[in-house]
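So that the names make sense, note that chain A is the first sequence line, chain B the second, and so on, each numbered from 1. Predicted model only: the values in this text are computed from it and were never measured.
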Amino acid sequence: MALVLNEEQGMLRDSVKAFLSERAPVAHLRKLRDSRDPVGFDRKLWLQFAEQGYSAVLVPEAHGGLALGAVEASIIAEALGRTLTPTPFLSTAVLAARAIARAGSATQQAELLPAIAAAETVIALAVDETSKHRPGAIAAKATRDGSGWRLDGAKTFVLDGHVAERCIVAARTAEGGLTLLLVDPRAAGVQIERTLMVDAHNAARLRFDGVRIGADALLGEAGAAGAVLDEVLDLGRVVVAAQLLGLADAVFELTLAYLKERRQFERAIGEFQALQHRAAKLYIDIELTRALVLGALQAMDADPAKAGLIVAQAKAHACTTANRAVQEGVQMHGGVGMTDEFDIGLYMKRARTLQELLGDAGFHADRVAAMGGY
Amino acid sequence: MSDLESFRRDTRAWLETNCPPEMRRPVTSESDACWGGRHFKFQSEAQRRWMQVMGERGWTVPAWPKIYGGGGLSKEEAAVLAAEMRALGCRPPLVSFGIWMLGPALLAHGTEEQKLEHLPKIARGEIRWCQGYSEPNAGSDLASLATKAEVHDDHLIINGQKIWTSYADEADWIFCLVRTSTAKKHTGISFVLFDMESPGVSTRPIVLISGKSPFCETFFDNVKVPRRNVVGELNAGWTIAKYLLTHEREMIGGIGDRGAVKPLGQFAADTVGLDEQGRLRETTLRVQIARFEIDEAAFRLLMQATGDRAHHGMGNPAISSALKFYGAELNKRRWELMASAAGADGLEWEGERSHDGTVARTWLRTKGNSIEGGTSEIQLNVVAKRILGLPGA
């Protein structure tokens, strides 16, 4: 498959970019942050995501969705990376939508998928338990309890966890296999703490103490959710990689404009070769990430079970590139780059979060080595 | 069945019949490749035959027009041929500067007579070309070249010296930049072709840090060249030189693509060994190799994306500088890691065990990748100015 967007994908990219830069530019994030908004995103904007079809992108047609792929979801994520817009898109329309579409019963799908497509709900995925992403070491316990389940454990870095109507919680059964449970956060024994994060995007810590869960809340097969979770996490990783790419693009545009406009020693600072070469290298890194991320997205859409290696490569590469982009961005902006007034710092904060999310460059380099047999 | 599918089926059948088994193994080094030319010593009968049968079909240069010795294939057909050759592990039947560099320049700028005279010989591997560009005082600032050509009615007289002429001592003809006017720097340069057997041409190999001599100094002492061997207009050679440099950059950039060689991680697993968990015994090296392989994958896809974008009319020619820069740096990194993974064994300079010091010599040779064909610094200048639009100098 050619490594370019097709015509429809190009149109989607242009329209989502225009929609977000008009409706939710970086100032939108500042407003939510400065007003200490209790929800952390704009519910009206989320509903507009449904009008635009963005929240329905991965939902099957039978449930009111567009049944598009990772490429299309990432076009939206990339635009969100450019404008730093907080929305439940990743938690709900990507991670939850894919988990429910892959593993959900007919009843669960009929109940939840149309609500996701219509942006009428928020559903969080709770995987991480340690400060580093380590899905192989999930310790939350799902214990059989009559016909249903009892859940014990703690989760951290749960996106939109404090506003979610449901949480998909990954836990281990007594036999050691992974199980996904659909938990109502209002149930007895659930404690939720919103964590205000450096990037002013939503996250929460969740605790489950003997939470009783009905048999109908089991998502997929008990003790055999490993493959589904792998696919959902890999989809999330490549979508986050695309978001990092959009972020790096936006930072680079800001920085390049500044190099052309800022004058010292009677000339534009962009005339200095020391800066030109660093800008050129950064440009090349961004182009490398762009090619690798698109390759990973196409692989994900072709066969998720075979996309693990390239997804790990793409997430690692996007982390490294975005990290370099924000560091060079702040440095090349000089003193104003350190001020809260300039947007560049907001990009740096968001890049840090997106790097940690679903595995940083080190985590994915380790996967690449393991998959390469070394 | 579509035309392309039947082309694919026929191509595969033909390759299976005609590609000798010895030619279905990866090329191990520059000296293992088939370069063609008057004096070329084939390494095997299979190598000779593979070049010959592919040359007869024009598939040494599949996309060139048939009348110039090419295969006359469409882009899609050429891609099918390349894919089928890859699938069977077929080597390129012929590699040469004629194919990579002079051919494209002649197709774009040559006269009909020049194309008919030179292109078919390139395609059939009869004439091996070298490139006379750099001079002792014209490296990164190539346009300051001083090799002088006096213009007479029907011929030029050339005096001067070139340096870093790849394989000048094995080449039959040279495409050469000469100064035909001193009035202006860039518009006083002409692009000429001549036979290396012409009286007054001599070469002297340069021994590199690798102990090998892929480059020469080349001297011209009153060399007489017919006027009709000037490509393009007199004093307008710089345009052709730049066009050709783009192709050279793409070619050198391509060295960042390892092709059929074993992945670095597997090489290191064999040399360094694995622990009980199946991890490299050298933990720092393991991370460095993983990060290298990630960048290598990105580079491979960017090469592919660049081709696909050009095909869809979305290309930027200056991207070749970005690819040249990154491919060269990547290859240097690969061989630093290879040398590290090989450890003390990789230091051996001679003898069968080390294949005459392949690791050490290749490691050293790659240091030139970021110098030849325009230094990494020059490529970054091009990216900064032509792609990013940064001002000045």
Side-chain angles (χ1 to χ4, degrees), chain A residues 1-7 10 252 255-257 259-260 267-273 275-296 298-299 309-310 312-321 361-362 364-374, chain B residues 263-270 272-274 277-282 285-309 311-312 314 319 321-323 325-326 329-330 341 376-377 379-385 387-393:
Chain A
M1 190 185 287
L3 277 173
V4 289
L5 296 183
N6 67 31
E7 204 176 320
F252 188 63
T255 306
L256 195 58
L259 289 179
K260 292 176 183 177
R267 73 189 73 176
I269 59 171
E271 284 187 44
F272 291 109
Q273 201 179 35
L275 297 181
Q276 290 190 342
H277 283 189
R278 278 159 55 190
K281 283 185 198 171
L282 185 52
Y283 163 80
I284 295 167
D285 282 340
I286 293 172
E287 289 307 307
L288 288 161
T289 297
R290 193 184 320 285
L292 184 53
V293 167
L294 185 53
Q298 291 179 350
L309 177 62
I310 191 169
Q313 290 169 336
K315 177 65 165 66
H317 205 275
C319 285
T320 309
T321 295
H364 288 290
D366 181 72
R367 283 180 83 201
V368 167
M371 284 186 265
Y374 63 96
Chain B
L264 190 47
Q266 285 175 31
F267 176 83
D270 293 345
V272 174
L274 304 173
Q277 276 121 43
R279 298 178 177 185
L280 271 196
R281 288 195 181 279
E282 301 290 322
L285 184 63
R286 177 174 185 265
V287 175
Q288 288 173 327
I289 290 177
R291 303 204 86 155
F292 169 84
E293 289 195 345
I294 291 164
D295 291 342
E296 184 190 37
F299 180 70
R300 200 159 48 237
L301 285 165
L302 181 56
M303 295 277 280
Q304 191 193 328
T306 301
D308 291 342
R309 283 179 211 155
H311 192 64
H312 287 78
M314 301 187 282
I319 192 79
S321 283
L323 296 173
F325 165 81
Y326 202 81
E329 299 298 331
L330 197 63
S376 280
E377 290 74 17
Q379 308 307 337
L380 292 176
N381 285 349
V382 173
V383 172
K385 287 178 183 79
I387 298 181
L388 305 183
L390 286 169

Of the backbone (N, CA, C, O) and the side chain (C-beta and beyond), which part of [X] lies under 4.5 Å from a heavy atom of chain B, both, or neither?
X	result
A/Arg267	neither
A/Ala268	side chain
A/Met371	neither
A/Asp366	both
A/Phe272	neither

message = Apply side-chain contact (heavy atoms from CB on, under 4.5 Å) to residues B/Arg291 and A/Thr320 and explain how you reach the verdict.
response = CA-CA 10 Å; B/Arg291 303 204 86 155; A/Thr320 309; 2.9 Å; yes
Out of curiosity, [X] [atom1] to [Y] [atom2], how far, rounded to the nearest 0.5 Å?
X	Y	atom1	atom2	value
B/Arg300	A/Gln313	CZ	CD	7.5 Å
B/Met314	A/Leu5	CE	CG	7.5 Å
B/Leu302	A/Leu3	CG	CG	9.5 Å
A/Ile310	B/Leu301	CD1	CG	5.0 Å
B/Gln379	A/His277	CD	NE2	10.0 Å
A/Ile284	B/Ile387	CD1	CD1	7.5 Å

task = Using a cut-off of under 4.5 Å on heavy-atom pairs, state which of B/Glu377, B/His311, B/Glu329, B/Gln277 scores highest against chain A.
result = B/Glu377
message = Under a 4.5 Å cutoff for heavy-atom pairs, which residue among B/Gly307, B/Ala269, B/Gly278 has the most contacts with chain A?
response = B/Gly278
Heavy-atom closest contact ([X] atom, [Y] atom, distance):
X	Y	value
B/His312	A/Ala2	CE1-CB, 4.1 Å
B/Ala290	A/Ala369	CB-CB, 4.2 Å
A/Ala365	B/Ile294	CA-CD1, 4.0 Å
B/Ala298	A/Leu292	CB-CD2, 3.8 Å

request  = Look at the side chain of B/Arg286 and the backbone N and O of A/Tyr374, then say whether any donor-acceptor pair between them is shorter than 3.5 Å.
outcome  = yes
inquiry  = Under a 3.5 Å cutoff, is there a donor and acceptor pairing between the side chains of B/Asn381 and A/Gln276?
reply    = no
inquiry  = Please evaluate residues A/Leu256 and B/Leu388 with respect to the criterion side-chain contact (heavy atoms from CB on, under 4.5 Å), reporting the C-alpha separation (whole Å), side-chain torsions for both, the decisive distance (0.1 Å), and the verdict.
reply    = CA-CA 8 Å; A/Leu256 195 58; B/Leu388 305 183; 4.0 Å; yes
